[in-house]
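Worksheet for the structure shown next.
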Amino acid sequence: MALIGTGLKLALSLTLPGGLTMDGVDFTARFYIYQGRSMEIPKSGMTRGDDGTYLCVVDTTPLGSGGELKCQVEVDLPDGIAPGGTRKEILTIHTGINVGDGLRKG
């Protein structure tokens with residue numbers, strides 16, 4: 001039997017410090033259920049929504065099942081004190097979406 005995953009369309013919106021918007025920073029979203037299995041979607045792999053959110057499609061097939069889908073976003077924020085002029089902030093988002101076994105095909 002093979003497990004067939006689900007494609008989830010998600011909107012990502014962050015409140016950033018100093019009046020920054022998601023358009024002005026680089027970021028990557030890593031989706032996972034368990035730590036050892038994840039998929040990353042960079043900003044360039046997302047579509048900008050009309051309201052400043054970024055839309056992405058997450059295929060749960062490589063993530064497994066039986067738990068909550070979580071998202072860890074790494075954002076590069078401008079910082080004049082940090083080496084290279086940017087600092088990396090990491091935010092963890094609990095989506096509240098439980099990924100079950102899905103459709104099984106025999």
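Note that these values count all heavy atoms, side chains included, but never hydrogens, waters or copies made by symmetry.
In this structure, the side chains of Met46 and Ile41 come closer than 4.5 Å at one or more pairs of heavy atoms. Under the 4.5 Å side-chain criterion, counting only non-hydrogen atoms from C-beta, Val58 is in contact with Leu63.
If you take OG on Ser65 and OH on Tyr34, they are separated by 6.5 Å, rounding to the nearest 0.5 Å. Here Ile33 contributes atom CD1 and Ser38 contributes atom OG; the two are 11.0 Å apart, rounded to the nearest 0.5 Å. The distance from the OG1 atom of Thr60 to the CG atom of Leu69 is 8.0 Å, given to the nearest 0.5 Å. Expressed to the nearest 0.5 Å, how far CG of Leu10 lies from SG of Cys56 amounts to 5.0 Å. The NZ atom of Lys70 sits 10.0 Å away from the CZ atom of Arg30 when rounded to the nearest 0.5 Å. Taking CZ of Phe31 as the reference point, atom CD of Glu40 lies at 10.5 Å (rounded to 0.5 Å).
Judged by distance alone, the side chain of Arg87 and the main-chain N or O of Asp79 form no donor-acceptor pair under 3.5 Å. Counting only distance, with no hydrogens or angles, the side chain of Tyr54 and the backbone of Gly45 share no donor-acceptor pair below 3.5 Å. Proximity of a side-chain donor or acceptor of Glu68 to a complementary backbone N or O of Gly96 within less than 3.5 Å is detected. With hydrogens and angles disregarded, no donor-acceptor distance shorter than 3.5 Å links the side chain of Tyr32 to the backbone of Gln72.
Leu16 approaches Met22 most closely through the heavy-atom pair CD1-N, 3.9 Å. Residue Pro78 comes nearest to Val25 through the heavy atom pair CD-CG1, 4.3 Å, listed as atom of the first residue, atom of the second, then distance. The heavy-atom pair separating Thr53 from Ser13 by the smallest distance is CG2-CB, 3.6 Å. Heavy-atom minimum distance, Pro62 versus Arg37: O-NE, 3.2 Å. Nearest heavy-atom pair, Ala11 versus Leu55, reported as atom, atom and distance to 0.1 Å: CB-CD2, 3.6 Å.
Using a cutoff of 4.0 Å between basic side-chain nitrogens and carboxylate oxygens, Asp26 and Lys43 are not scored as salt-bridged.
Under the 4.5 Å side-chain contact rule for hydrophobic residues, Ile93 and Val99 share a cluster. The cluster map of Ile, Leu, Val, Met, Phe, Trp and Tyr, joined by side-chain heavy atoms under 4.5 Å apart, puts Leu91 and Leu20 in the same cluster.
Checking Val75, Asp76, Thr28 one by one against Lys88, the side chain to side chain contact (heavy atoms under 4.5 Å, CB included) holds for a single residue, Asp76.
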